[in-house]
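In what follows, every chain begins at residue 1, and chains take the letters A, B, ... in the order their sequences are listed.
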Number of protein chains: 2
Amino acid sequence: MNLTFRQLKVFEAVARNLNYTNAAKELHLSQPAVSMQIKQLEEQASTPLIEKLGKKLYLTEVGLEMQSYARSTMQQLVDLEETITQIKSMERGHLKLAVASTANHFVIRLLARFSKVYPKISISLDVTNRSSLLELLEKNECDLVIMGRPPQGHNLQYAPFLENPLVVVSSPTHFLAKKEHVSLQELANEEFVAREQGSGTRGAAKRFFTEHELDFKTKMDMSNNRAIKHAAEEGLGLAIVSVHTLELELKAKTLTILNVEGFPIFRHWYVVQREGKRLSPIAMVFNDYIMQEADRLIEDFDIPLFKSP
Amino acid sequence: MNLTFRQLKVFEAVARNLNYTNAAKELHLSQPAVSMQIKQLEEQASTPLIEKLGKKLYLTEVGLEMQSYARSTMQQLVDLEETITQIKSMERGHLKLAVASTANHFVIRLLARFSKVYPKISISLDVTNRSSLLELLEKNECDLVIMGRPPQGHNLQYAPFLENPLVVVSSPTHFLAKKEHVSLQELANEEFVAREQGSGTRGAAKRFFTEHELDFKTKMDMSNNRAIKHAAEEGLGLAIVSVHTLELELKAKTLTILNVEGFPIFRHWYVVQREGKRLSPIAMVFNDYIMQEADRLIEDFDIPLFKSP
DNA sequence: ATATATCATAAGCTAAATCTTATGGTAACA
DNA sequence: TGTTACCATAAGATTTAGCTTATGATATAT
């Protein structure tokens, strides 16, 4: 059976009016045009849909089924159009994000604000490690990723949108925590709890030490940022972490930022997408949003870069 | 938005394969034909439905909506076809009948048998009076009507399909009930409980009396056949009724058929339809069925036309 | 009986749909 | 780096859809 929407539309009008002439008027058509559409539809169904008794029209049993089909299909089409319009106008839609676990904290804040502006947009947020992020981009399973500087050679398109200050932290009871200034040499004498090999933060720290011809002595490495901070709290060593992950510990005064010469190291957070990816409207808006709003957001954090006097 | 089923069909194949070339093979089309359909559909939606990243295809958010719409609509079409086929083959369908209240009893029996042959057919049965029956036909609100001989001038088409013997009944205690034979003169001396003016049964009885130049004395008339029988049971008078309504009373021996000269009067039950009405397949089959089966059914009734010896 | 309303049919025109072949461009892969 | 796989685009041919006007047929109403 090879129907057309036109046939259904015309049939629906006839079935509702039970009158070809009026249906024709409603559709701004000539009456024969309506007759023909109905005839063709009946040919497709190979059974009559409408019967004429005297002057009146009646729907056959099959005609009733056809009417129900026509209405349902046309209503669904209206719904589809509505949905598409909503998606386009961002009254509806879904934003698929993934963030590096260290970025989680401030991204959640960003999302909370964004979501107030676009309340109908649902969001999925994958918080995971660097390699998984790259994989998600590769598989086109997310719109945007927020992470440190992405590696080359993955056909990625990215832009920095926020400074990411790395600072040295220690337990407040650590002897360096009591000093107003810490020299690089003093720092180099300490042992560190660090992220695993391949981590962006660790790479940055290592580069910093190398540039200053110092040793970077790691006592432990682990993949979880929270674990690293906890280890530092417990006095297992110093740690170099993004200040954006420290809000809670600073407030609770379980960690102290050391005022080390040359710190903070300023890296950046990047918003990353696959090269050639046409962002959905909402993803594009989110991209613009974070470009504009990120700095303002961070100001609101009220995190001192160095320990209070 | 002015979609075509073709576009949806092609889109569905592409969305499923995520590959234009394979979709084209599946549809026995050239690959550019598929490209064009998708392009047109995207124009209709005025938004991309499919995005190509590297070599792979992905559905956009709108693409997913479109896929869901396409699948739903196509599935509904399959269902519609199935339904139409079933209606045509009478595996499904609805039969709208209406019967005169006096015919109710044996029609129910007919329907019980018919329904066993066509178990998937649902039936609606309207039991009502003569004028309502004609109105139902007029409004095309039923397929077939079963009643006594219909009046002229209603554009009706009808055929007798069963003898309808009218008999005289009385309470078993009535003095005529004890006689082997009852003459017309004896009958004419009695008073009757009869149907209302306009009733077919009453008309037939009246005609019978007139033809024999006798008086038809009615003591009461009422519209309900059951009430008439009850009145006769209670000795309010004789009654002339269709033997087909008597099964219960004969079994319970609350009424007796009088062996009156010239009785039973043989009238007929008719199956009636509107002139020019194209019967639905199932109505046509039912029509044929009662033409063939009615006599056999009545034999099974095992109703003696006259009181048992 | 005549007029009116309503649907069916025929003829003819136009625009749109749909397909094919040929060819161009690009990403992946060896 | 060349090859392969795959989609896009162009050009052109054919068919089909869809419409209108004119006219015919029929049932109802006057």
Spacing of [X] atom [atom1] relative to [N] atom [atom2], expressed in whole Å:
X	N	atom1	atom2	result
B/K25	D/dC6	NZ	P	7 Å
A/L3	D/dA17	CG	P	12 Å
B/L53	C/dT26	CG	C1'	13 Å
B/I50	D/dC7	CD1	P	10 Å

Closer than 4.0 angstrom, basic N to acidic O: yes or no for B/E51 and A/K277?
yes
Between the side chains of B/E12 and B/R71, is the shortest nitrogen-to-carboxylate-oxygen separation below 4.0 Å, so that they form an ion pair?
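Salt bridge flag = yes for B/E12 with B/R71.
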Let me confirm one number: the CE-CG distance from B/M66 to B/L49, rounded to the nearest 0.5 Å.
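Spacing of CE (B/M66) from CG (B/L49) equals 5.0 Å.
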Can you tell which of A/V107, A/I290, A/V285 makes a side-chain contact (heavy atoms from CB on, under 4.5 Å) with A/F114?
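Going through A/V107, A/I290, A/V285 one by one, the side-chain contact (heavy atoms from CB on, under 4.5 Å) with A/F114 is satisfied by A/V285 alone.
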Of B/S35 and B/R274, the one whose closest DNA chain D nucleotide lies more 5'
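Closest to the 5' end, via its nearest nucleotide, is B/S35.
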Tell me which of B/K39 and A/L29 sits closer to the 5' end of DNA chain D, going by the nucleotide each one is nearest to.
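Residue closer to the 5' terminus by nearest nucleotide: B/K39.
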If each of B/M36 and B/Q31 is mapped to the nucleotide of DNA chain C with the nearest heavy atom, which maps nearer the 5' terminus, i.e. the 5' end?
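Here B/M36 is the residue nearer the 5' end.
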Is the phosphate of [N], meaning OP1 or OP2, less than 4.0 Å from a side-chain N or O of [X]?
X	N	value
B/T21	D/dC6	no
A/S30	D/dT21	no
B/Q37	C/dC19	yes
B/N19	D/dA5	no

Consider the side chain of [X], meaning its heavy atoms from C-beta on, and name the nucleotide among [options] that approaches it most closely.
X	options	value
A/P32	D/dA22, C/dT20, D/dC7	D/dA22
B/R6	D/dT28, D/dT9, C/dC19	C/dC19
A/A33	D/dT9, D/dC19, C/dC19	D/dC19
B/Y20	D/dA8, C/dC7, D/dG18	D/dA8

Is B/R92 reaching over with its side chain to a backbone N or O of B/K120, donor-acceptor style, under 3.5 angstrom?
no
